[in-house]
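Take a look at the structure set out below.
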Number of protein chains: 2
Amino acid sequence: MKIVLIGAGNLATNLGKALFRAGHEILQVYSRTEVSAKTLATVLKCSYTDTLYKVVDGADIYIVALKDSVLSSVADLLHERLSGKLFVHTAGSLPMDVLPFIRRGVFYPMQTFSKNKEVDFSVIPCFVEAVTEADSQVLKKLALTISDTVYELDSENRKYLHLSAVFCCNFANHCFSLGANLLKQHGNLPFSVMLPLIDETAAKLYSMSPQEAQTGPAMRWDENVMNKQIQLLAGAPDLQRLYELFSKSIHEEALKD
Amino acid sequence: MKIVLIGAGNLATNLGKALFRAGHEILQVYSRTEVSAKTLATVLKCSYTDTLYKVVDGADIYIVALKDSVLSSVADLLHERLSGKLFVHTAGSLPMDVLPFIRRGVFYPMQTFSKNKEVDFSVIPCFVEAVTEADSQVLKKLALTISDTVYELDSENRKYLHLSAVFCCNFANHCFSLGANLLKQHGNLPFSVMLPLIDETAAKLYSMSPQEAQTGPAMRWDENVMNKQIQLLAGAPDLQRLYELFSKSIHEEALKD
């Protein structure tokens, strides 16, 4: 397919590379920042622009991978010239209808992207949605050229999928951050000592549910250990509250069984 | 070395197998529950007992791997007959001095153990502590027969290490649980769709710190998305509070840079 990428951030970069490798023709990269547009365009062997009215009109699909906050206004400007084209956004948290196009859709690859770390797209689940069944099929077909796992999912359910991803990725990663801070402040151990534990915590999920995998003081409701650990956090009242909320929630989840 | 295992739970089972494979002679397994003692003893080709006064006196080291709540009372009873022996416990959260023995110590393999999932002990960091330098060396040598990563760490710093592990393992896993519940309730997607995201969240930590790896609405301080997600949790006030605390803490961490 002939594709135009609107955006040159982490997601656009990773997605663009995957599409390019899968044999699609990237016609153009747009970014507000010329240097970002050029950097990605060089990799994808295509033209680039930092000017919205220069976005070419010959693509089969326009993929808008921009920050949620600017997506709508950029889409509105593009709509003036390209209203008949198929436009999709890549945001898990936004409904399809933030796009003004008749042929609108969503192409959400659920992963955490960093600019300097390449990801294997084939294992990333992609969630697609479109107004018409025909465009749904186009998106599904496109997604299957880069990923082994493709689902159709409507905007309402995607909101919860994205919220689930915030817990599984962003909040879990912040748990790692908080753990890293504790290590830095006490005993001067490198954070690398935590990696086998974190790996196993993730690996367990291939053979049991997170509910079954739960361990620790809150799971055993070991109030002695919990109270001592809350005291260790005495200088950080927000962390104490977080510890208490977590422990309560783990306990309630355990009682469900 | 000649070893007696006091306990036959997840940790004792995994540790016992690793020690056995490394060529140590397990003399005996004690468990309050005869069937547990027998099950593990069969694997370790040794005798077993469910009676504390029948614990044999010929071992070089006694490893007490019991729930924190019963550790002290069991140790006191064993101390009556075996006061001159080297006793260690395996609890990250407890100080060495919960043991009444003159030759006391700690042998803490930091990992999350499940009974039915074997772990590769060689990558598990072990933290050892003893009263005398000689016993420290004994524990270090023993640990190095089963693990590539061994640290001496005193009880004070180990408290924080264990708290860090609670964040990195128990709390992170509960984030996965909460994410799994959201998926179950909306859209009926299998939890397996989250595994690539969780894997990548863990894998990133090999090339960047968790602070550098942080992504998501709170990191970008995208109040629009955050407010909508808090509304999605309207039926669960504790989860809303957890979401708010997390977002605030992620934001504060981001501002540190």
query = Are the side chains of A:Val106 and A:Val88 in touch, meaning some heavy atoms are under 4.5 Å apart?
reply = no
Chain B contact via A:Val119 - which portion, at a heavy-atom distance below 4.5 Å = side chain
key: A:Arg158 (side chain) donor-acceptor with A:Leu94 (main chain) under 3.5 angstrom   = yes
task = Check each atom of A:Leu161 against the heavy atoms of chain B and say whether the ones under 4.5 Å are side chain, backbone, both or neither.
result = both
query = Any luck finding a side-chain donor-acceptor pair between B:Glu253 and A:Asn181 under 3.5 Å?
reply = yes
query = Is the backbone N or O of A:Glu212 less than 3.5 Å from a side-chain atom of A:Ser209, with the two atoms forming a donor-acceptor pair by type?
reply = yes
message = Under the rule for side-chain contact (heavy atoms from CB on, under 4.5 Å), what residues qualify as partners of A:Ser147, not counting sequence neighbours?
response = A:Cys126, A:Thr149, A:Val150
note = chain B shares the most heavy-atom pairs under 4.5 Å, among A:Gln214, A:Lys248, A:Lys228, A:His162, with A:Gln214
query = Which pair of non-hydrogen atoms, one from A:Ser136 and one from A:Glu152, has the smallest distance, and what is that distance?
reply = OG-OE1, 3.5 Å
remark   = Max heavy-atom pairs within cutoff under 4.5 Å with chain B, candidates A:Gly216, A:Ala203, A:Ser69, goes to A:Gly216
Interface residue of largest heavy-atom contact number with chain B, from A:Leu182, A:Asn157, A:Val225, A:Asn173, under 4.5 Å = A:Asn173
task = Flag the one option from B:Asn188, B:Asp222, B:Asp68, B:Ile250 with the top tally of heavy-atom pairs under 4.5 Å to chain A.
result = B:Ile250
ask   = What part of B:Asp238 is in contact with chain A, defined as an atom under 4.5 angstrom from a non-hydrogen atom: side chain, backbone, both or neither?
value = both
message = Looking only at heavy atoms and a cut-off of under 4.5 Å, which of A:Val123, A:Leu232, A:Leu245 has the most pairs with chain B?
response = A:Leu232
message = Does any part of the side chain of B:Tyr108, heavy atoms only, come nearer than 4.5 Å to the side chain of B:Val128, both counted from C-beta?
response = no
request  = Name the region of B:Phe191, side chain, backbone, both or neither, that has any atom closer than 4.5 Å to a heavy atom of chain A.
outcome  = side chain
inquiry  = Given heavy-atom pairs under 4.5 angstrom as the criterion, report whether the side chain, backbone, both or neither of A:Ser207 touches chain B.
reply    = side chain
request  = Among the options A:Ser164, A:Ser93, A:Cys169, A:Gly179, pick out the one with the most heavy-atom pairs lying under 4.5 Å from chain B.
outcome  = A:Ser164
request  = Tell me, with the steps shown, if B:Thr215 and A:Asn170 meet side chain to side chain donor-acceptor pair (under 3.5 Å).
outcome  = CA-CA 6 Å; B:Thr215 55; A:Asn170 305 150; 3.2 Å; yes
request  = Kindly say whether B:Ser155 contributes a backbone atom to a donor-acceptor pair with the side chain of B:Glu129 at under 3.5 angstrom?
outcome  = yes
ask   = For the side chain of B:His89 and the backbone of B:Pro95, is there at least one donor-acceptor N/O pair under 3.5 Å apart?
value = yes
inquiry  = Using a 4.5 angstrom heavy-atom cutoff, name the option from B:Gln111, B:Arg241, B:Glu156, B:Gln185 with the most pairs to chain A.
reply    = B:Gln111
query = Does any heavy atom of chain A fall under 4.5 Å from the side chain of B:Arg220, the backbone, both, or neither of them?
reply = side chain
note = Bottom line for A:Leu189: the part with an atom under 4.5 Å from chain B's heavy atoms is side chain
message = Under 4.5 Å from any heavy atom of chain A, what part of B:Val193 do you find: side chain, backbone, both or neither?
response = both
key: A:Tyr243 ring center near B:Phe171 ring center (under 6.0 Å)   = yes
inquiry  = Is any side-chain heavy atom of B:Phe176 closer than 4.5 Å to one of A:Leu205?
reply    = yes
ask   = Which residues in residues 194-202 of chain B have any heavy atom lying under 4.5 Å from a heavy atom of chain A?
value = B:Met194, B:Leu195, B:Pro196, B:Leu197, B:Ile198, B:Asp199, B:Glu200, B:Thr201, B:Ala202
Pair B:Phe246 and A:Phe246, ring centroids less than 6.0 Å apart = yes
task = May I ask you to name which of A:Ala172, A:Ala213, A:Pro217 has the most heavy-atom pairs under 4.5 Å with chain B?
result = A:Ala172
request  = Using non-hydrogen atoms and a 4.5 Å limit, figure out which bit of B:Pro109 sits close to chain A: side chain, backbone, both or neither.
outcome  = neither
